[in-house]
Every structure is written in structure tokens, then in C-alpha cells.
Amino acid sequence: QVQLVESGGGLVQAGGSLRLSCAPSASIFSFNAMGWYRQGPGNQRDLVASINWGDITNYADSVKGRFTITRDNAKNTVHLQMNSLKPEDTDVYYCAADSAKTRYWGQGTQVTVSS
């Protein structure tokens, strides 16, 4: 069973930076796309950033200009560089990866931004 392993979360002051990383526990196939979600205030996880095989990226409006998503296709690894962090960025961040048929989720990593 493949699972996504996240790292890089933690506590940082406002204006600081964190870099999240996500990689599968096993490398059997390539994912079509990978991304990051955060829980948000609703009952559905909200997209933060995504990137597909062709390096086409998509960002939530709230993080544009501050966050950068990158991907190493050979390693099926995705990173989220988070700069100029704000307290409102505090959340649990979940890695997601799409195969042809399946959406895989990481366990979530806590990002806390202090004032």
C-alpha cells in the first residue's frame, strides 16, 4: 500500500518561511499530478497549490506570490516553498497525488505561524 509521507511543517514567525516536502513510501508508478491542500474553515479540504507532469501550476489566490510548488517527477516528490507566511496560513497541510484512478493523501503536517 502506497502512502504519502510529508515533512517540513513546524512553527514559524510571521514573515518567515517553511518548505514542505512529500514523497511516496514506495515508488512503483508516476503520479499525474501532485499538490497541497489545507483543511480550511469548511468541511472540505482547500487546494493550496498543484502541479502536473508538464509543470503547469495552480495556486489559491491567497498564496499567489508567496508560495511556490515544485516537483521532481523522477522521484515523485513535491515541495511547497512557503515564504512570507501569515498567521492565517496556520493549518494542517495535506499532500495529495493523483494516479490514473486514485487520489492518495498524506497524513497531514502542521504549519503554525505565530504573530
Side-chain angles (χ1 to χ4, degrees):
Q1 179 65 43
V2 175
Q3 66 179 45
L4 302 178
V5 181
E6 300 147 325
S7 62
L11 174 65
V12 67
Q13 291 186 350
S17 298
L18 288 171
R19 190 181 194 229
L20 306 183
S21 298
C22 172
S25 60
S27 183
I28 301 175
F29 53 84
S30 297
F31 297 112
N32 295 324
M34 301 184 75
W36 292 92
Y37 290 72
R38 59 192 182 191
Q39 189 63 55
N43 60 4
Q44 185 174 351
R45 293 172 183 175
D46 298 321
L47 177 69
V48 177
S50 65
I51 185 168
N52 70 7
W53 187 266
D55 286 341
I56 303 299
T57 58
N58 187 33
Y59 296 94
D61 288 341
S62 60
V63 307
K64 287 180 179 177
R66 299 189 297 119
F67 291 9
T68 303
I69 188 168
T70 57
R71 178 180 182 180
D72 183 340
N73 291 331
K75 298 179 180 179
N76 277 334
T77 301
V78 66
H79 307 280
L80 185 68
Q81 179 67 46
M82 304 185 293
N83 298 327
S84 301
L85 282 162
K86 304 174 180 179
E88 51 262 44
D89 295 318
T90 296
D91 214 327
V92 178
Y93 285 68
Y94 297 89
C95 181
D98 292 338
S99 69
K101 295 183 177 181
T102 305
R103 161 62 62 87
Y104 296 89
W105 291 100
Q107 79 285 354
T109 185
Q110 178 69 46
V111 171
T112 302
V113 184
S114 66
S115 300

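Scope of the values below: all heavy atoms of this structure, side chains included, with no hydrogens, waters or symmetry mates.
- The OG1 atom of T57 sits 9.5 Å away from the NZ atom of K64 when rounded to the nearest 0.5 Å.
- One distance of note links CE of M34 with CG of L80; it measures 12.0 Å at 0.5 Å rounding.
- For the pair M82/L20, a side-chain contact is recorded, criterion being any heavy-atom separation below 4.5 Å from C-beta on.
- Contact check for W36 versus E6: side-chain heavy atoms found under the 4.5 Å cut-off.
- With rounding to the nearest 0.5 Å, the separation of CZ in R38 from OG1 in T109 is 14.0 Å.
- Cluster membership check: V92 shares its hydrophobic cluster with L47, using side-chain heavy-atom separations under 4.5 Å among Ile, Leu, Val, Met, Phe, Trp and Tyr.
- Around the CD atom of Q44, the shell of radius 6.0 Å holds no more than 12 heavy atoms that belong to other residues, nucleotides or ligands.
- With a 4.5 Å cut-off on side-chain heavy atoms, F67 and L85 count as touching.
- The shortest side-chain heavy-atom distance between T102 and V2 does not fall under the 4.5 Å cut-off.
- Nearest heavy atoms, S17 versus S84: OG-N, 4.3 Å.
- The shortest distance between side-chain heavy atoms of P41 and D46 falls below 4.5 Å.
- Minimum interatomic distance between S21 and H79 (heavy atoms only, all atoms of both residues): OG-ND1, 2.8 Å.
- At least one side-chain heavy atom of T90 sits under 4.5 Å from a side-chain heavy atom of Q110.
- The CD1 atom of I51 lies 8.5 Å from the CD1 atom of I56; values are rounded to the nearest 0.5 Å.
- With respect to the salt-bridge test (charged N to carboxylate O, under 4.0 angstrom), the residues D89 and K86 do not qualify.
- Residues S30 and W53 are in side-chain contact: their nearest non-hydrogen atoms beyond the backbone lie under 4.5 Å apart.
- The heavy-atom pair separating L4 from Y104 by the smallest distance is CD1-O, 3.5 Å.
- S25 contributes a side-chain N or O that, together with a main-chain N or O of Q3, makes up a donor-acceptor pair within less than 3.5 Å.
- Side-chain atoms of D91 do not come within 3.5 Å of backbone N or O of Y93 as any donor-acceptor pair.
- Distance alone, capped at 3.5 Å, places no donor-acceptor pair between the Y37 side chain and the W105 backbone.
- For the pair P87 and S114, the tightest heavy-atom approach, listed with the atom from each and the gap, is CG-O, 4.3 Å.
- What you find for Y94 and G106 is that their closest heavy atoms are CD2-O, 3.7 Å.
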